[in-house]
Amino acid sequence: MNIVVCIKQVPDTTKVKINPETNTLIREGVESIINPFDHYAIEEAVRLKEAHGGTVKVMTMGPPQAETALREAVSLGADEAYLVSDRAFAGSDTWSTAYTLAAAIRNLGDTDLILCGKQAIDGDTAQVGPSLADQLDIPFVAFVRKVRTITDTELVVERVFEEGYEVVQSPLPALITVVKEINEPRLPSLKGKMKAKKCEIVMVSRSELEVEDPYLGLDGSPTRVVKIFSPDLKRAGEKLEGEPQDIAEKLVRNLRDQKLI
Amino acid sequence: MAVVVIKNQCDGCEVCLDSCPYDAIEMIDGVAYINEKCTLCMACLEACPVEAIISEESETELPELEKDAYSGVWVFAEQRQGKISSVVAELLGAGRKLADAQGQKLTAVLFGHEMEPSARDLVHYGADEVIYVDDPILAQFNDGPYASVLSDLIEKRRPGIVLAGATFMGRSFIPSVASRISTGLTADCTALDIDPETGDLLQTRPAFGGNIMATIICPRHRPQMATVRHKVLTPAVRDIHHKGEVHIINGAGNGRIDEKTQVLEVVEEIMDTVNLAEADIIVSGGRGLRDSEGFKLIEELAVLLGGAVGASRSAVDSEWIPYSHQVGQTGKTVQPKLYIACGISGAVQHLAGMQSSDVIVAINKDPDAPIFDVSTYGLVGDLFQIIPQIIKSVKVQRGEV
Ligand SMILES: Cc1cc2nc3c(=O)[nH]c(=O)nc-3n(C[C@H](O)[C@H](O)[C@H](O)COP(=O)(O)OP(=O)(O)OC[C@H]3O[C@@H](n4cnc5c(N)ncnc54)[C@H](O)[C@@H]3O)c2cc1C
Ligand SMILES: Nc1ncnc2c1ncn2[C@@H]1O[C@H](COP(=O)(O)O)[C@@H](O)[C@H]1O
């Protein structure tokens, strides 16, 4: 079984802050990590390989430093790593990202299953997976919490929705996006770390892809960010201190006055 | 497009270095230089005090499209088991304002089977027109047919704006619709507006786990598509006197050949309390509850107030409560009218999922806990003493004791 996992390197959002004067992101001390949801995609791919044989290829589109994310994926069990990187791809929105990734995946030859994370924690869009499946013209199932069965020709998965889950069957090749419940990712093994150090990262640039310039990067992206600002979340909150009974009563009175309870 | 520095305008102040989230600016000979790590986020443009950094358009830009050929605001009226979802009234409320701002029509689009009365009822929520596609294969959500039928309708009728709920359904199939018709899509919006100058839809949404807000436009493509977060926009009020046309289309047409995936079974998991996304009140517990016994107290308060139970990741990881209750970056994003955080410190990842709630109450014994920074009411003290008092006080005020 040929499996491709699409991963994204993202800033560790715990540390992203905005400069109140310029309204721009402060990069100081922001580390890059593999998008947390993509860890589950890598783990699921490696488990499927262990159970059914095959290879796991990880692919990311991003700047040269995204190489570290790929090496980490190899340490977690992926076999091959592809870095789709070119200045022509900079500024891509989800549409152009999916367009470019689709071209790069086509070059890999036969693929049975593509895994993506549910969403990336920087943009929180959850759009690249479904869009990628459309560009490749293959079926997809988003928000998968369990792969029930898989054969050479089809898979059956559980997809979550607000009130529960649906059991969905799809022919292969297909794409799935996975949620956190799907598995418990392993930590890298010593052997994995050694492999990651030596592993060749295959560089994929603009010239190797069958793509058209007007659809690439920022120019090819239908959407544009016109403004960023920090949300006004700090509240001039009221601190209630004192005896539990007094502050509880005061709170309940306030909430009732505002017809909240 | 490229970001470049006008060399003789740069005074070497280095302000841009700190503004770049990607470490893509270096100083070379006292002048800023943008290296290959640049992702064109444009943060440095705003930061530069002497306007020495500019963006250059390149010649490969797509041509401006015939915007006038696209008009009207569409709302996708999601249904499950024949019941229209509550997010639809919110979409129609927002859609009405956008349509009025442009002097255009508001259309609701419904897919299903044997749902004509529901289709007609959408008019009462402000739709001027309802397009109802009736086919047994549309009775239940399935990505292929839904994406195919909606794409075909959009291509034929050319709306200017298409809105859908940022629900599991909307976030699953709407991206493939946008991809198919090659237009932009903005996920999970929390505010929508029309730019009075350009007529473009201003789509505002949280990013980076809610730490920043971004306003996004789709200037050269139509329609402009957005999924909208549940519980944020004001729902349309039902008015049985509102009039509109209902068009019924029988048969999914091309949608049938797109039925690649099959839904074999739908399992609704029994929830002991209200669905988190739908709840107006959420009482949430964290590590401060000490053990699963602690959650009994939270549940008691939630039941008393008619609310749902939420949790921090620490509480979930300790297996005091299932993951489906987790609020935050890797859990659910909620925006109730009232959020009561008990024994939760307020880590950014937790805040990301709840900080836009209308009123936030925090109960924590540490007066410096970060949760207090986002709280409307901060109760400093032991939750095991305070919560029973709140329960008692609510009962007293209701005359139940
Ligand atoms: C990639 C990533 C994703 C994450 N996603 C999420 C997410 O989705 N959701 C989430 O919640 N977290 C998430 N986290 C974890 C997050 O960083 C915090 O670890 C977590 O939210 C802390 O939970 P807590 O507030 O319950 O526990 P703690 O931080 O331990 O806080 C417990 C609080 O209870 C108070 N307390 C203790 N006893 C009492 C008492 N008797 N009365 C009153 N107060 C008391 C303490 O003062 C303290 O403030 C994520 C972390 C990472 C790295
Ligand atoms: N630049 C990228 N390179 C590879 N995979 C990506 C990239 N961006 C997004 N993805 C994949 O698509 C998923 C959803 O991302 P997003 O649509 O940005 O929220 C991620 O979890 C990744 O699996």
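All chains are named by letter (A, B, ...) in the order of the sequence lines, taking the proteins before the strands, and each is independently numbered beginning at 1.
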Side chain / backbone / both / neither for Ala362(B) at chain A, heavy atoms under 4.5 Å: neither
At a heavy-atom distance under 4.5 Å, which candidate from Asp137(A), Val141(A), Ile138(A), Val160(A) has the highest pair count against chain B? Val160(A)
Option that, when pairs with chain B are counted at under 4.5 Å, heavy atom only, ranks first among Lys250(A), Lys118(A), Glu212(A), Gln169(A): Gln169(A)
Exactly one of Ile217(B), Thr204(B), Asp200(B) clears side-chain contact (heavy atoms from CB on, under 4.5 Å) with Val226(A), and that residue is Ile217(B)
Where on Asp358(B) is there a heavy atom nearer than 4.5 Å to chain A: the side chain, the backbone, both, or neither? backbone
Segment of Glu154(A) engaging chain B (4.5 angstrom heavy-atom cut-off): neither
Check this for me: Lys146(A), atom NZ, are more than 12 non-hydrogen atoms of other residues, nucleotides or ligands nearer than 6.0 Å? no
Could you check if a side-chain atom of Phe229(A) sits within less than 4.5 angstrom of a side-chain atom of Thr215(B), using non-hydrogen atoms only? yes
For the atom pair OH (Tyr377(B)) and NZ (Lys239(A)), what is the distance rounded to the nearest 0.5 Å? 15.5 Å
Is there side-chain contact between Gln224(B) and Thr223(A), with heavy atoms separated by less than 4.5 Å? no
Could you walk me through whether Ile281(B) and Leu260(A) satisfy the side chain to side chain contact (heavy atoms under 4.5 Å, CB included) test, starting with their C-alpha distance in whole Å, then the side-chain angles of each, then the deciding distance to 0.1 Å, before giving a yes or no? CA-CA 8 Å; Ile281(B) 297 178; Leu260(A) 285 162; 5.9 Å; no
With a 4.5 angstrom heavy-atom cut-off, could you sort out which part of Arg398(B) is near chain A: side chain, backbone, both or neither? both
Passes side chain to side chain donor-acceptor pair (under 3.5 Å), Ser179(B) versus Asp134(A)? Steps please. CA-CA 7 Å; Ser179(B) 179; Asp134(A) 178 70; 2.9 Å; yes
Side-chain heavy-atom pair Val10(A), Phe208(B) within 4.5 angstrom cut-off: no
Spacing of Ile261(A) atom CD1 and Lys337(B) atom NZ [to the nearest 0.5 Å]: 14.5 Å
Contact between Arg171(B) and Phe143(A) at the side-chain level, heavy atoms closer than 4.5 Å - yes or no? yes
Part of Leu305(B) lying under 4.5 Å from any heavy atom of chain A: side chain
Kindly compute the distance separating OG (Ser221(A)) from CD1 (Ile216(B)), expressed to the nearest 0.5 Å. 11.0 Å
Residues Ser172(B) and Arg159(A): closest non-hydrogen pair is OG-NH1, 4.5 Å
Taking side chain as everything from C-beta outward and backbone as N, CA, C, O, which of these in Val396(B) sits under 4.5 Å from a heavy atom of chain A? Side chain, backbone, both or neither. neither
For Gln127(A) against Thr186(B), the heavy-atom pair lying closest together: OE1-C, 3.8 Å
Counting heavy atoms not belonging to Glu238(A), are there more than 12 under 6.0 Å from its CD? yes
Would you call Lys227(A) and Glu46(B) a salt bridge, using N to O less than 4.0 angstrom? no
Checking Leu185(B) against Thr94(A) for the side chain to side chain contact (heavy atoms under 4.5 Å, CB included) test, could you report, in this order, the C-alpha distance in whole Å, the side-chain angles of both residues, the deciding distance, and whether it holds? CA-CA 8 Å; Leu185(B) 169 62; Thr94(A) 56; 5.6 Å; no
If you count heavy-atom pairs within less than 4.5 Å of chain B, which of Gly123(A), Ser92(A), Gly242(A), Pro63(A) leads? Gly123(A)
May I ask you to test the Gln258(A)-Val359(B) pair for a side-chain heavy-atom distance under 4.5 Å? yes
Can you say whether Ser357(B) sits under 4.5 Å from chain A via the side chain, the backbone, both, or neither, judging by heavy atoms? backbone
Examine whether an atom of Gln65(A) lies under 4.5 Å from a heavy atom of chain B, and if so say whether it belongs to the side chain, the backbone or both; otherwise answer neither. side chain
Heavy atoms of Leu218(A) and Arg220(B) approach each other most closely as O-NH2, 4.3 Å
Is atom NZ of Lys180(A) surrounded by more than 12 heavy atoms (other residues, nucleotides or ligands) closer than 6.0 Å? yes
Examine whether an atom of Ala126(A) lies under 4.5 Å from a heavy atom of chain B, and if so say whether it belongs to the side chain, the backbone or both; otherwise answer neither. both
In terms of heavy-atom pairs under 4.5 Å, which option from Gln203(B), Arg205(B), Lys392(B) contacts chain A the most? Arg205(B)
Just give me the residue among Gly381(B), Ser182(B), Ala147(B) that pairs up with chain A most often, heavy atom to heavy atom, under 4.5 Å. Ser182(B)
Nearest-0.5 Å distance, CD of residue Glu162(A) to CG of residue Leu276(B): 11.5 Å
Are side-chain heavy atoms of Asp188(B) and Asp124(A) found at a separation under 4.5 Å? no
Nearest heavy atoms of Phe161(A) and Val267(B), plus distance in Å: CE2-O, 4.1 Å
I'd like to know which of Glu249(A), Gln245(A), Glu158(A), Glu243(A) tops the heavy-atom pair count under 4.5 Å against chain B. Gln245(A)
Inter-residue atom distance His221(B).NE2 - Trp95(A).CH2, 0.5 Å rounding: 7.0 Å
Spatial distance of atom CZ (Arg256(A)) from atom OG (Ser393(B)) [nearest 0.5 Å]: 8.5 Å
Between Ile360(B) and chain A, which part of the residue has a heavy atom less than 4.5 Å away: side chain, backbone, both or neither? both
Should Val167(A) and Val263(B) be marked as a side chain to side chain contact (heavy atoms under 4.5 Å, CB included) after you check the CA-CA gap, both sets of side-chain angles, and the distance that decides it? CA-CA 6 Å; Val167(A) 183; Val263(B) 178; over 6 Å; no
At their closest point, which heavy atom of Ile386(B) faces which heavy atom of Ala248(A), and how far apart are they? O-CB, 4.0 Å
With a 4.5 angstrom heavy-atom cut-off, is it the side chain or the backbone of Thr183(B) that approaches chain A, or both, or neither? backbone
Tyr323(B), part contacting chain A, at a heavy-atom distance under 4.5 Å: side chain
What are the two closest non-hydrogen atoms of Thr261(B) and Phe140(A), and how far apart are they? CG2-O, 4.1 Å
Please indicate whether Lys83(B) has more than 12 foreign heavy atoms, meaning atoms of other residues, nucleotides or ligands, lying under 6.0 Å from its NZ. no
For Glu163(A) and Gln81(B): C-alpha separation, side-chain torsions, deciding distance, then whether side chain to side chain contact (heavy atoms under 4.5 Å, CB included) applies. CA-CA 12 Å; Glu163(A) 269 96 38; Gln81(B) 322 283 33; over 6 Å; no
Is there a side-chain contact between Leu255(A) and Leu338(B) (heavy atoms, below 4.5 Å)? yes
Beyond-backbone contact of Arg224(A) with Pro219(B), side-chain heavy atoms, under 4.5 angstrom: yes
Highest number of heavy-atom pairs under 4.5 Å with chain A among Thr330(B), Leu379(B), Ile387(B) belongs to Leu379(B)
Do you know which of Gly144(B), Ser176(B), Ala178(B) has the most heavy-atom pairs under 4.5 Å to chain A? Ser176(B)
